[in-house]
Amino acid sequence: METLEFVLNGKSQRVSVRSDESLLEVLRNRCAVLSTKDSCRPQGQCGSCLALIDGQPKTTCAVPALKVGGKTVLTLEGLSDQERDLIARSFVAATGVQCGFCTPGFALRAKWLLDKNPDPTREEIAKAIDGHLCRCTGYVKILDAIEILAAAKRQGYNPEPSTDGKVGGRLARYQGMELVLGERPYVDDLERPGLLHGAVVLSPHARAKVIRIDTSRARVHPGVEVVATAEDVPGERWYGLIQNDWPGFVAVGEEVRCVGDVLAAIAARDEATAREAAALVEVEYELLEPVLEPEAALADDAPRVNPHHANLLSRTVIRRGSLDEGLAASAHVVSGTWTTQRIEHLFLEPESALAEPLGEGRLKLYTQG
């Protein structure tokens with residue numbers, strides 16, 4: 001561990017960090033700054049983790065923590081209450097916030113832009129936010145929000161989000177102010193006393209028999225609390241949607257049937273320790289020929305993809321009527337050619353879950369699913 005000293009939101013910080021730790025990890029895990037969201041780490045491609053370093057916008061997941069020694073870092077938490085309120089009101093008034101995961105990054109980028117240019121054109125705003133991704137709004141209302149914010153700053157008024165719910169109006173988003181400022185916690189933001197972090201050991205093979213699982217090195221790794229395998233599951237280990245065909249853990253003597261089947265899980269004091277321990281688990285496999293095509297899986301001599309049922313999981317029958325008769329009976333027929341872009345519903349929030357013990361063997365589960 002190395003010592004890092006920097007100024008965060010006007011206050012001096014002195015923390016111990018790993019040599020490979022990003023500024024984002026330091027902000028979230030050591031300084032309790034949650035407006036910087038962890039999404040594409042360490043690619044720096046989505047803008048959700050934006051902070052201002054010595055006044056310049058940087059994606060903190062791509063900035064090594066030790067590079068900010070002696071520098072000044074500003075996040076939304078460091079703005080004045082008046083500026084925070086104005087930014088949040090502007091985004092909510094424009095309904096420039098939906099799921100809200102990306103919005104704090106846009107909000108801080110808007111603050112940086114308007115400090116430099118109080119009256120930007122819409123094109124200048126679009127160029128400024130080019131490094132940010134949003135999966136919900138389509139960007140138009142984010143541009144609207146920054147225009148509203150710029151006008152409110154210049155003219156000295158507070159935007160009033162609509163709450164009447166009239167048709168055609170821009171109804172204020174529930175918890176919109178908190179979402180803009182990064183105050184509403186997502187699952188990955190949740191903290192509990194004594195919280196442990198988990199990592200899993202995944203199969204690198206599409207199909208293989210598990211010969212041996214050795215967790216001895218992981219169990220003695222400093223900071224590890226528990227290492228679990230199939231042997232530690234007292235009840236039902238298989239679950240699923242149509243059939244219970246997915247093992248929570250694959251046991252010794254069984255087959256892994258996809259890249260990503262779970263062999264072991266580690267609970268440790270922090271994420272980095274859990275991942276380090278997961279890398280110490282040794283698994284010996286007997287490689288088998290995988291079943292890669294649906295048609296091959298239906299052959300009589302195909303190996304079972306799952307030991308509990310046949311490879312044919314279910315059968316769906318679709319019956320269609322006569323197209324010509326349907327058109328003839330229609331009141332209106334429209335013909336033409338239409339094209340649209342490919343749409344990828346971009347995910348940003350990381351896959352996260354938190355299990356909170358409630359006593360008497362019960363758990364409360366939080367999941368972003």
Given side chains that start at C-beta, do those of Met1 and Arg18 come closer than 4.5 Å, heavy atoms only? yes
Taking all heavy atoms of Ile146 and all of Phe91, pick out the closest pair and write down the distance. CG1-CZ, 4.1 Å
Donor-acceptor pair, distance only, cut-off 3.5 Å: does the side chain of Ser330 make one with the backbone of Gly326? yes
Is there side-chain contact between Arg212 and Val283, with heavy atoms separated by less than 4.5 Å? no
Side chain proximity check, Gln98 to Arg135, heavy atoms < 4.5 angstrom: no
Counting heavy atoms not belonging to Lys209, are there more than 12 under 6.0 Å from its NZ? no
In Å, rounded to the nearest 0.5 Å, how long is the span from OG of Ser216 to NE2 of His221? 13.5 Å
Between CD of Glu349 and SG of Cys102, what distance do you get to the nearest 0.5 Å? 11.5 Å
Contact list for residues 48-62, test side chain to side chain donor-acceptor pair (under 3.5 Å), sequence neighbours left out: none
Ignoring hydrogens and angles, tell me if any N or O in the side chain of Glu147 forms a donor-acceptor pair with the backbone of Asp144 under 3.5 Å. no
Please report the closest heavy-atom contact between Val256 and Ser203, naming both atoms and the distance. CG2-OG, 3.3 Å
Side chain to side chain, Leu66 and Glu2, heavy atoms closer than 4.5 Å: yes
Give a yes or no on whether the backbone of Arg269 and the side-chain of Thr273 come within a donor-acceptor separation of less than 3.5 Å. no
Ser80 and Glu83 side chains, donor-acceptor separation under 3.5 Å: no
Minimum heavy-atom separation for Cys40 to Cys46, with atom names? SG-N, 3.7 Å
Heavy-atom closest contact (Cys134 atom, Leu348 atom, distance): CA-CD1, 4.4 Å
Determine, stepwise, if the pair Ile211 / Tyr285 fulfils side chain to side chain contact (heavy atoms under 4.5 Å, CB included). CA-CA 5 Å; Ile211 305 301; Tyr285 299 95; 5.8 Å; no
Hey, what do you get for CD (Glu183) to CD (Glu178), rounding to the nearest 0.5 Å? 6.5 Å
Carboxylate-amine/guanidinium proximity below 4.0 Å for Arg28 and Asp38: no
Taking C-beta and beyond as the side chain, do Asp245 and Leu313 meet within less than 4.5 Å on heavy atoms? yes
Working for side chain to side chain contact (heavy atoms under 4.5 Å, CB included), residues Arg170 and Lys141: CA-CA 10 Å; Arg170 292 186 169 185; Lys141 293 178 181 178; 4.0 Å; yes
Taking atom CD of Glu236 as the centre, report whether more than 12 heavy atoms of other residues, nucleotides or ligands fall under 6.0 Å from it. yes
Any donor-acceptor pair under 3.5 Å from Arg219 side chain to Val227 backbone: yes
Is a side-chain donor or acceptor of Glu360 paired with a backbone partner of Arg362 at a separation under 3.5 angstrom? no
Taking atom types as modelled, is there a side-chain donor on Ser162 or Asp164 under 3.5 Å from an acceptor on the other? yes
Could Glu356 and Arg192 be called an ion pair, given the rule that one side-chain N must be under 4.0 Å from one carboxylate O? yes
Residues which pass side chain to side chain donor-acceptor pair (under 3.5 Å) with Thr75, listed by chain and number, not counting sequence neighbours: Asn9, Glu77
Any donor-acceptor N/O pair, Arg237 side chain to Phe249 backbone, under 3.5 Å: yes
Test your reading of the model: is there a side-chain donor-acceptor pair from Gln43 to the backbone of Arg41, 3.5 Å cut-off? no
Could you tell me whether the side chain of Asp115 and the main chain of Trp112 form a donor-acceptor pair under 3.5 Å? no
If you apply the rule side chain to side chain donor-acceptor pair (under 3.5 Å), what do you find for Asn306 with Gln243, and how did you get there? CA-CA 10 Å; Asn306 188 281; Gln243 303 280 353; over 6 Å; no
Can you see which heavy atom on Leu149 is nearest to which on Ala110, and at what distance? CD2-CB, 4.0 Å
Hey, could you give me the CG/CG distance between Leu354 and Leu365, rounded to the nearest 0.5 Å? 8.0 Å
Measure the spacing between OG1 of Thr103 and CG of Leu179 and express it to the nearest 0.5 Å. 7.0 Å
Is it the case that the side chain of Arg154 and the backbone of Pro118 share a donor-acceptor pair, with hydrogens and angles ignored and the cut-off at 3.5 Å? yes
Using a strict 4.0 Å threshold on nitrogen-to-oxygen distance, state whether Arg217 and Glu282 make a salt bridge. yes
Near Leu241 CG, under 6.0 Å, is it more than 12 heavy atoms from other residues, nucleotides or ligands? no
Cut-off 3.5 Å, side chains only: do His132 and Arg109 have a donor facing an acceptor? yes
Could you tell me whether Glu271 and Arg275 have a side-chain N and a carboxylate O separated by less than 4.0 Å? yes
Should Val262 and Val252 be regarded as members of a common hydrophobic cluster, given that ILVMFWY residues are connected when their side-chain heavy atoms come within less than 4.5 Å of each other, either directly or indirectly? no
Counting C-beta onward and ignoring hydrogens, is there a side-chain heavy-atom pair between Asp119 and Leu114 closer than 4.5 Å? no
Please report the shortest heavy-atom distance between Tyr186 and Phe101, naming the atom on each side. OH-N, 3.0 Å
Distance, nearest 0.5 Å, that separates OG1 of Thr215 from CG of Asp232: 8.0 Å
Any Lys/Arg nitrogen of Glu5 or Arg14 sitting under 4.0 Å from an Asp/Glu carboxylate oxygen of the other? yes
Leu202 side chain near Val259 side chain, heavy-atom distance below 4.5 Å: no
With a 3.5 Å distance limit and no angle check, can you tell me whether Asn311 reaches the backbone of Pro303 through a side-chain donor-acceptor pair? yes
Are Leu52 and Thr72 side-chain neighbours, meaning at least one heavy-atom pair lies under 4.5 Å? no
Path from Val63 to Val26 over hydrophobic side-chain contacts below 4.5 Å: yes
Examine the side chains of Asp188 and Gln368 and answer whether a donor and an acceptor come within less than 3.5 Å of each other. no
Who pairs with Ser352 by side chain to side chain donor-acceptor pair (under 3.5 Å), at least two apart in sequence or on another chain? none
